[in-house]
Amino acid sequence: MTIRVIIVDDQAMVRAGFAALLSAQADIDVVGEAPDGKQGIEVSRRTHPDVVLMDVRMPEMDGLAAARELLDPPPGVVHRPKVLMLTTFDVDDYVYEALRAGASGFLLKDAPPADLIAAVRVVAAGEALLAPSVTRRLIADFARQRPPVRKAPALRLNGLTPRETEVLELIARGLSNQEIAASLILAEQTVKTHIGRVLAKLELRDRAQAVIFAYESGLVSPGS
């Protein structure tokens, strides 16, 4: 199955470079580009991509506002693409808000080409791009800026079994499925089953929102 991608970035050379790199992959098809968030939404609604590569800072409409509109569309719009934010270290707070809005993760704009290709495939498959240690550090920083516990999320934890709570905690600490399996002495398939139940019970879109939830509910504390 071919992954349909659009690239939203205000720098033409960035768009061209990413498009050339991704189009060279047999399983990826770049179906559109846009120089700002407003046009990015229009292109997305017209082309129905699987993944939107979205820059954070752009004129007209920034990537955060565009991501919110794509992931929480108005009545009558049923298409919801996966959104992968493109960012740099100086826009950390925007990234946090994008993850809370439902973005599937973020990638540094100077990441190696292989990382960009892998990121598109990971996000298209329904996973969240949260494995790199830099992501764990940044999310901890975001959480530190917020109240440590929100009552409603904390109450929702009561619906999880002890094992599911353990799995959620390890997800929030940035462990992969394989690492969680090794830590809890479980089969990797069992871990996947637990993760699916956690997401379903907490009504979360993906792993990215699970991490945010774990911090906001107080299950995991920054720096712990």
Under the rule for side chain to side chain donor-acceptor pair (under 3.5 Å), what residues qualify as partners of D36, not counting sequence neighbours? Q39
Applying side chain to side chain contact (heavy atoms under 4.5 Å, CB included), run through T161 and K201 and close with a yes or a no. CA-CA 10 Å; T161 66; K201 287 183 177 181; 3.9 Å; yes
Could you check if a side-chain atom of I171 sits within less than 4.5 angstrom of a side-chain atom of L175, using non-hydrogen atoms only? no
In Å and rounded to the nearest 0.5 Å, what is the CG to CZ distance from L64 to R57? 12.0 Å
For the residue pair D50 and V5, establish whether any side-chain heavy-atom pair is separated by less than 4.5 Å. no
Just jot down the side chain to side chain donor-acceptor pair (under 3.5 Å) partners of D27, sequence neighbours excluded, or say none. R121
The side chain to side chain contact (heavy atoms under 4.5 Å, CB included) partner of L53 among V8, V123, L116 is L116
In terms of heavy-atom contacts, P35 and M58 come closest through O-SD, 4.1 Å
Considering residues at least two apart in sequence or located in another chain, which fulfil the side chain to side chain donor-acceptor pair (under 3.5 Å) criterion with E166? R163
Reported NZ-to-CD1 distance for the pair K82 and I3, which is rounded to 0.5 angstrom: 12.0 Å
Any S104 side-chain heavy atom under 4.5 Å of L84 side chain: no
Report yes or no: does D29 contribute a side-chain atom to a donor-acceptor pair with the main-chain N or O of V31 at less than 3.5 Å? no
Please table the atom pairs, donor to acceptor, closer than 3.5 Å between any side-chain atom in residues 67-81 and protein atoms at least two apart or in another chain.
from : atom 1 : to  : atom 2 : distance (Å)
H79  : NE2    : P49 : O      : 2.8
R80  : NE     : L71 : O      : 3.4

Which atom pairs, donor and acceptor, lie under 3.5 Å between side-chain atoms of residues 183-200 and protein residues at least two apart or in another chain?
from : atom 1 : to   : atom 2 : distance (Å)
T193 : OG1    : Q189 : O      : 3.1

Rounded distance [0.5 Å steps], OG1 in T47 versus CZ in R4: 6.0 Å
What's the separation between atom CG in L107 and atom CZ in F18, rounded to the nearest 0.5 Å? 7.0 Å
Hey, is NZ on K109 packed in by over 12 heavy atoms from elsewhere, all under 6.0 Å? yes
Where do D62 and V56 land on the side chain to side chain contact (heavy atoms under 4.5 Å, CB included) test, with the steps shown first? CA-CA 6 Å; D62 65 26; V56 173; 5.8 Å; no
Considering residues at least two apart in sequence or located in another chain, which fulfil the side chain to side chain donor-acceptor pair (under 3.5 Å) criterion with E169? R173
With side chains defined as the heavy atoms from C-beta onward, is the minimum distance between L168 and L202 less than 4.5 Å? yes
Identify the two heavy atoms, one from M61 and one from A65, that lie closest to each other, and give their separation to 0.1 Å. CG-CB, 3.7 Å
How many angstroms lie between CG in D10 and CD in E60, if you round to the nearest 0.5 Å? 11.0 Å
Side-chain donor or acceptor of S217 paired with backbone N/O of A214 under 3.5 Å: yes
Interatomic distance, CG@D110 vs CG@L86, rounded to 0.5 Å, equals 11.0 Å
For I7 versus A19, what's the shortest heavy-atom pair and its separation? CD1-N, 3.4 Å
How close do A66 and I41 get, heavy atom to heavy atom, and via which atoms? CA-CD1, 3.9 Å
Side chains of L204 and R156 in contact at under 4.5 Å (non-hydrogen atoms): yes
So, do V120 and I28 sit near enough that their side-chain heavy atoms are less than 4.5 Å apart? yes
